[in-house]
Amino acid sequence: MTLTLKRIFSDKTLLVTLFMSLLALIFGTVKPSDIDMKTILTLLSLIIVISIYEHLTILNHVANLIIEKCNTTRGIILVIFLFSFFGPMFFTNDVAILTLVPIVFNISKKIKLPKIAVISLMTIYANLGSSITPFGNPQNIYLVSFFHLSIADFLSLSLPIGLVSFLTLLLCLFFFPKDKISQLKSTELTVPRKHLLALVFTTLIVLLGVLSFIPIIFSLIASLLCTAYVDHTIYETVDYGIILTFINFFIIVGAVGRIPAIHLFLEHVTTTTFSIFSTAIISSQLISNVPAAVLLSKFTNHVSAIYLGVTVGGLGTIVASLANLLALRQYHLLSEDQSTSSFFAKFTVYNIVYLFVFFIAGLLLLH
């Protein structure tokens with residue numbers, strides 16, 4: 001419990017949003033319905049299951065196993081990018097960052113690797129890859145829940161930009177050297193078979209809840225029971241701060257959306273698909289794409305414009321996506337000199353370039 005509280009009170013993003021939500025409660029108008037409980041329960045179920053995967057070191061093992069088969073620098077970077085792109089489709093972009101950044105640092109100790117470039121692009125592709133599935137990131141979970149989208153409806157929105165994203169992934173590899181390297185060896189995975197089977201079954205239950213085939217409360221119960229079965233200490237490692245931060249976002253957005261001047265402004269700029277798309281991108285740069293999705297959903301039914309806007313809006317500034325902030329925090333924790341200024345500068349340059357490219361791509365897809 002002490003570890004959990006320490007993590008919560010050291011989470012700067014949570015503390016900032018908590019302060020803002022308290023101001024919203026004191027000076028603004030907030031309703032209980034502002035908090036989308038299905039989204040909250042879905043996120044909690046996913047985060048608990050992800051914590052079990054991390055505890056059993058399954059994600060790290062799979063990544064290391066594939067990297068072991070590579071014999072060039074470009075090959076390793078390709079594997080990292082593929083994991084960062086396809087992994088978040090099922091395990092969210094935040095998990096991809098938390099899992100892969102330490103792997104990049106471990107590999108860089110054995111071979112020469114452009115860490116900042118790799119981590120920056122890896123984060124970009126984690127954001128883009130997570131946008132392809134209904135449960136890849138918090139804003140997707142929210143939009144699917146709020147607009148009652150079917151899987152087919154959502155995939156019709158996500159697959160075109162997903163294809164563009166994958167093509168850019170393949171193209172960017174040509175900017176990295178194809179130097180020969182000695183093969184890296186991975187350790188064997190030692191997970192009890194009964195724990196593995198329980199985790200697979202629980203994962204299926206959680207995904208059924210996320211996709212609304214069963215009530216989401218069943219998914220939460222399954223994830224809690226699986227945690228108790230595997231190792232009850234996992235409860236202490238769950239990142240509850242993300243859940244609390246998301247609740248704060250709902251409260252803030254609910255209050256902000258009811259401010260007369262902002263309400264009038266948003267009604268004015270949400271009349272066309274282009275204005276919604278542009279507003280979603282701009283607002284994401286300032287308040288991140290999750291609250292931007294929540295805020296704009298209150299003013300329009302143009303889900304395609306919101307979806308594309310917050311997907312592209314996750315690129316750009318360091319605050320455009322929570323995954324971006326996680327990448328910065330991970331780099332700071334793992335780098336020997338603890339300096340983030342160089343990372344911040346290069347990360348921003350990469351993101352601005354991709355923001356421009358995908359702004360054009362988004363405009364074409366809107367039409």
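Computed from a predicted model, the values in this text were never measured in an experiment.
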Of the non-hydrogen atoms in [X] and [Y], which two are nearest, and what is the gap between them?
| X | Y | result |
| --- | --- | --- |
| Leu366 | Thr273 | CD1-O, 4.0 Å |
| Gly362 | Phe277 | CA-CZ, 3.8 Å |
| Leu266 | Phe299 | CD1-CE1, 3.4 Å |
| Asn127 | Asn137 | O-ND2, 4.4 Å |
| Ile214 | Phe218 | CD1-CB, 4.1 Å |
| Asn324 | Thr317 | ND2-O, 3.1 Å |

Mind checking the [atom1]-[atom2] spacing from [X] to [Y]? Nearest 0.5 Å is all I need.
| X | Y | atom1 | atom2 | value |
| --- | --- | --- | --- | --- |
| Leu23 | Ile251 | CG | CD1 | 12.0 Å |
| Ser108 | Ile119 | OG | CD1 | 7.5 Å |
| Leu78 | Leu173 | CG | CG | 5.0 Å |
| Ser321 | Gln285 | OG | CD | 10.5 Å |
| Asn140 | Thr133 | CG | OG1 | 6.5 Å |
| Phe358 | Leu364 | CZ | CG | 12.0 Å |

So, do [X] and [Y] sit near enough that their side-chain heavy atoms are less than 4.5 Å apart?
| X | Y | answer |
| --- | --- | --- |
| Val30 | Phe250 | no |
| Leu199 | Val230 | no |
| Tyr235 | Ser51 | no |
| Asp231 | His55 | yes |
| Leu220 | Ile48 | yes |
| Cys226 | Ile52 | yes |
| Phe176 | Phe81 | yes |
| Leu82 | Leu169 | yes |

Same cluster or not: are [X] and [Y] linked, directly or through other Ile, Leu, Val, Met, Phe, Trp or Tyr residues, by side-chain heavy atoms under 4.5 angstrom apart?
| X | Y | result |
| --- | --- | --- |
| Val79 | Leu170 | yes |
| Phe147 | Val294 | yes |
| Phe175 | Val353 | no |
| Ile360 | Val312 | yes |
| Ile50 | Leu204 | no |

Testing the 3.5 Å rule here: is there a donor-acceptor pair between the side chains of [X] and [Y]?
| X | Y | value |
| --- | --- | --- |
| Ser284 | Asn289 | no |
| Ser45 | Thr42 | no |
| Thr202 | Tyr229 | no |

Donor-acceptor check, side chain of [X] to backbone of [Y], threshold 3.5 angstrom: yes or no?
| X | Y | value |
| --- | --- | --- |
| Tyr307 | Ser131 | yes |
| Thr311 | Leu308 | no |
| Ser145 | Ile141 | no |
| Ser288 | Ala320 | no |

Take Phe83 and Ile103 through the test side chain to side chain contact (heavy atoms under 4.5 Å, CB included) and record every step on the way to the result.
CA-CA 11 Å; Phe83 258 82; Ile103 291 176; over 6 Å; no
Begin with the C-alpha distance, continue with both residues' side-chain angles, and end with the deciding distance and a verdict on side chain to side chain donor-acceptor pair (under 3.5 Å) for Ser275 and Thr272.
CA-CA 5 Å; Ser275 62; Thr272 67; 2.9 Å; yes
Let me see the working for Tyr53 and Thr203 under side chain to side chain donor-acceptor pair (under 3.5 Å), right down to the final yes or no.
CA-CA 10 Å; Tyr53 274 96; Thr203 301; 3.0 Å; yes
Side chain to side chain contact (heavy atoms under 4.5 Å, CB included) against Ser120, all qualifying residues, sequence neighbours excluded:
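Only Ile116, Phe343, Phe347, Tyr350 meet the side chain to side chain contact (heavy atoms under 4.5 Å, CB included) criterion with Ser120.
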Results of side chain to side chain contact (heavy atoms under 4.5 Å, CB included) for Thr72 - residues two or more places apart only
Arg74, Lys178, Lys180
Surrounding [atom1] of [X] (heavy atoms of other residues, nucleotides or ligands, distance under 6.0 Å), is the total greater than 12?
| X | atom1 | result |
| --- | --- | --- |
| Lys298 | NZ | yes |
| Lys38 | NZ | yes |
| Phe201 | CZ | no |

Let me see the working for Ile234 and Thr237 under side chain to side chain contact (heavy atoms under 4.5 Å, CB included), right down to the final yes or no.
CA-CA 5 Å; Ile234 298 174; Thr237 67; 3.8 Å; yes
Determine, step by step, whether Leu355 and Ile281 satisfy the side chain to side chain contact (heavy atoms under 4.5 Å, CB included) criterion, reporting the C-alpha distance in whole Å, the side-chain angles of both residues, the deciding distance to 0.1 Å, and the verdict.
CA-CA 9 Å; Leu355 177 60; Ile281 292 175; 4.0 Å; yes
Yes or no on side chain to side chain contact (heavy atoms under 4.5 Å, CB included) for Leu121 and Tyr354, after CA distance, side-chain angles and deciding distance?
CA-CA 9 Å; Leu121 290 170; Tyr354 272 78; 3.5 Å; yes
Could you give the side-chain donor-acceptor pairs of residues 151-168 under 3.5 Å, partners two or more places apart or in another chain?
residue, atom, partner, partner atom, Å
Asp153, OD2, Ser150, N, 3.4
Asp153, OD2, Ser150, OG, 3.0
Ser156, OG, Asp153, O, 2.5
Ser158, OG, Ile132, O, 2.8
Ser158, OG, Phe154, O, 3.4
Ser165, OG, Ile161, O, 2.7
Thr168, OG1, Tyr125, OH, 3.0
Thr168, OG1, Ser165, O, 2.7

